[in-house]
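Step one of this worksheet: look at the structure below.
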Amino acid sequence: AAGVIQSPRHLIKEKRETATLKCYPIPRHDTVYWYQQGPGQDPQFLISFYEKMQSDKGSIPDRFSAQQFSDYHSELNMSSLELGDSALYFCASSLGRGEGYEQYFGPGTRLTVT
Amino acid sequence: GIQVEQSPPDLILQEGANSTLRCNFSDSVNNLQWFHQNPWGQLINLFYIPSGTKQNGRLSATTVATERYSLLYISSSQTTDSGVYFCAVNKAAGNKLTFGGGTRVLVKP
């Protein structure tokens, strides 16, 4: 079965650089979520989109922005990178919006900021 | 926001042993999922279980929504079961998941 695809899988950037993470949801899934997992921590919700509109927002820094495109893929743009942005970034997708729909996670993008 | 607590934080098992992991949550939820994060960092869906009991091979889970807890059972553990097990819930519309702190499991051969 098709899964959530994330690219790149690994990314190394220097401080103050920018990064773009991409997410391709499971076919027919219309809701995309982004999570950030720091070393030794649990995943924290950043932002979500339903039908190309932002549907919820968590603790996402102002330096980050995201969008969902017409083909439902999503991109997370990160600017002025800081050492603390080093983390595993997950994208998840689900079918439908609202309470009670199972989320499926991609393999993650490991971002290292030096 | 909703609080999710998992216990124990760490668990060391001998291969072949059985174990129970617990997830407590502070409010009523509409979705509860169990994940296994393997040593490579991948989050694997184990169960979608807002209520009731489910089984998948050596793993099973039970959620008692009225008492706000869920249990994950691992039977006849194998070294490949090592990793971190997360419980995650959502309550509010928009469906963002709130994760517990995880249980780190190490299965020794």
Requested in this report: Identify the residues of residues 104-114 of chain A whose heavy atoms come closer than 4.5 Å to a heavy atom of chain B, ordered by number, or report 'none'.
Outcome: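 Checking residues 104-114 of chain A against chain B gives A:Y104, A:F105, A:P107, A:R110.
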
What do you reckon, is [atom1] of [X] surrounded by more than 12 foreign heavy atoms closer than 6.0 Å?
{"X": "A:K52", "atom1": "NZ", "result": "yes"}
{"X": "A:I12", "atom1": "CD1", "result": "no"}
{"X": "A:Q41", "atom1": "CD", "result": "yes"}
{"X": "B:L106", "atom1": "CG", "result": "yes"}
{"X": "A:D62", "atom1": "CG", "result": "no"}
{"X": "B:R104", "atom1": "CZ", "result": "no"}

Side-chain heavy atoms nearer than 4.5 Å, only ILVMFWY residues, links allowed to pass through others: does that put [X] and [Y] together?
{"X": "A:V32", "Y": "A:I60", "value": "yes"}
{"X": "A:I26", "Y": "A:Y101", "value": "no"}
{"X": "A:L88", "Y": "A:M78", "value": "no"}
{"X": "B:V105", "Y": "B:F99", "value": "no"}

Report task. Against chain A, work out which of B:A88, B:G101, B:P50, B:G100 has the most heavy-atom pairs shorter than 4.5 Å and name it. Result ->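 Option with the top pair count is B:G100.
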
Report task. Let me know if B:F86 has heavy atoms under 4.5 Å from chain A in its side chain, its backbone, both or neither. Result ->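 For B:F86, the side chain is the part near chain A, not the backbone.
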
Query raised in the report: Contact part of A:Q37 toward chain B, heavy-atom cut-off under 4.5 Å: side chain, backbone, both or neither?
Result: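 Contact with chain B is through the side chain of A:Q37 alone.
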
Report task. Answer yes or no: is there a donor N or O on one side and an acceptor on the other, between the side chain of A:Y33 and the main chain of B:L97, under 3.5 Å? Result ->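 No, A:Y33 side chain to B:L97 backbone: no donor-acceptor pair under 3.5 Å.
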
Compare every heavy atom of [Y] with every heavy atom of [X], then report the nearest pair and how far apart it is.
{"X": "B:N45", "Y": "A:Q103", "value": "ND2-O, 2.9 Å"}
{"X": "B:Q37", "Y": "A:F90", "value": "NE2-CZ, 3.6 Å"}
{"X": "B:K96", "Y": "A:D56", "value": "CD-OD2, 3.3 Å"}

Query raised in the report: To the nearest 0.5 Å, how far apart are CD in A:Q44 and OG1 in B:T98?
Result: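 Atom-to-atom, A:Q44:CD and B:T98:OG1 are 8.0 Å apart.
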
Requested in this report: Quick one: which of A:G3, A:A92, A:P43, A:G58 has the most heavy-atom pairs under 4.5 Å with chain B, could you say?
Outcome: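 Option with the greatest count: A:P43.
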
